[in-house]
Amino acid sequence: MGLLSELPVTAAWAEGLPRDALERVESGLSLREVAAGGALCHIGDPVEHWFGIASGLVKLSVVSAEGKPLTLAGVPSGGWFGEGAVLRDKLWRYSVVAMRDTTAVLMRRATFFWLLENSLPFNRFIIDQLNERLAQFVGSLEAARILTAKERVPRSLALLYNPRLYPGIDRRLHLSQEELGYLAGVSRQVANQSLQQLKAQGIVSIEYGKVTVLDFDALRQFLG
DNA sequence: TCATTAAATTGTT
DNA sequence: AACAATTTAATGA
């Protein structure tokens, strides 16, 4: 019974791997617990791992010269990220901060590259993932220009429910309105008002510290 | 298990 | 940004 099979994370890239390869890969994995507010890595840290989120929620963020934080993306449980950094960079270009208590899976660089050289499905997974993220960030540029602050909230929510990047994510997400505001780059007030509107439209339901998506199709309208 | 208190979150100004 | 109201989590009897 290996590490992967015990995790509540669907590691799609591991499907189809021969048993001996799987054992080899699992020897290159480790777990790390990070409390809410803690960091998985900081800007400038050496890139030593590819990250997966077994449970919890993290955000990828940078800080502007004036000290204003900018959130690039949120990654819920089931998501893997950092392949761009592992492939291209020696140092992290963004910080990874836990928005909730989080359990992360760390894959050593050497293991990552071994998979690249030995598994075609893994290569396919990485290409799909890079492509999906590229689409997200291109969309973000558009959204920043075209969408109002209130519209950026449902867009951010829709991004979290990307089935390709984060398969099997629960309809109900443990995510406060303040945290959603950080993700969307809007104030908590705007996040609140936007959620109220979405609730009135029957797209989401709101609970204390949680949001549940009721209508995925309606939410995807905000992706543009 | 229940009551009390602190902390977190929400809705509004 | 600041306020009050509400919900949850933590604590201890």
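Reckoned from all heavy atoms, side chains included, excluding hydrogens, waters and symmetry mates. A, B, ... follow the sequence lines: proteins, then strands. Residue 1 opens every chain.
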**Student:** Do A:T103 and A:V34 touch side chain to side chain, with heavy atoms closer than 4.5 Å?
**Tutor:** no
**Student:** Quick check: on DNA chain C, is the nucleotide nearest A:Y208 upstream (toward 5') of the one nearest A:R188, or the reverse? Name the residue that is more 5'.
**Tutor:** A:R188
**Student:** Quick one: A:E207 CD to B:dG11 C1', roughly how many Å, whole number?
**Tutor:**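 So the two atoms are 17 Å apart, to the nearest Å.
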**Student:** Around atom CZ of A:R88, are there more than 12 heavy atoms of other residues, nucleotides or ligands at under 6.0 Å?
**Tutor:** yes
**Student:** Could you check how far CD1 of A:I206 sits from P of B:dT12, rounded to whole Å?
**Tutor:**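 Spelled out: CD1 on A:I206 to P on B:dT12 is 10 Å.
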**Student:** Verify, without hydrogens or angle tests, whether A:D101 (side chain) and A:A36 (backbone) share a donor-acceptor contact under 3.5 angstrom.
**Tutor:** yes
**Student:** Return the value, rounded to whole Å, for the distance between atom CD of A:E179 and atom P of B:dT10.
**Tutor:** 8 Å
**Student:** To the nearest Å, how far apart are A:Q193 CD and B:dT13 C1'?
**Tutor:**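 About 11 Å, once rounded to whole Å.
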**Student:** Give a yes/no on whether any side-chain N or O of A:Q177 is located under 4.0 angstrom from OP1 or OP2 of B:dG11.
**Tutor:**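 Yes, A:Q177 has a side-chain N/O under 4.0 Å of OP1/OP2 on B:dG11.
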**Student:** Between atom CD in A:E178 and atom P in B:dT10, what is the gap in whole Å?
**Tutor:** 8 Å
**Student:** Could you tell me how far apart A:R100 (CZ) and C:dA9 (C1') are, to the nearest whole angstrom?
**Tutor:**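 Going from CZ in A:R100 over to C1' in C:dA9 covers 12 Å.
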**Student:** Less than 4.0 Å between a side-chain N and a carboxylate O, is that true for A:R188 and A:E178?
**Tutor:**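 No, no charged N to carboxylate O under 4.0 Å.
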**Student:** Indicate, with a heavy-atom threshold strictly under 4.0 Å, whether A:Q196 touches base, sugar-phosphate, or nothing.
**Tutor:** sugar-phosphate
**Student:** A:Y182 OH to B:dT9 C1': how many Å, rounded?
**Tutor:** 13 Å
**Student:** In whole angstroms, how far is the C1' atom of B:dT10 from the CD atom of A:Q197?
**Tutor:**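 The distance from CD of A:Q197 to C1' of B:dT10 comes to 18 Å, rounded to the nearest Å.
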**Student:** Phosphate oxygens OP1/OP2 of B:dG11: is one of them under 4.0 Å from a side-chain N or O of A:N192?
**Tutor:**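 True: A:N192 side-chain N/O within range (under 4.0 Å) of B:dG11 OP1/OP2.
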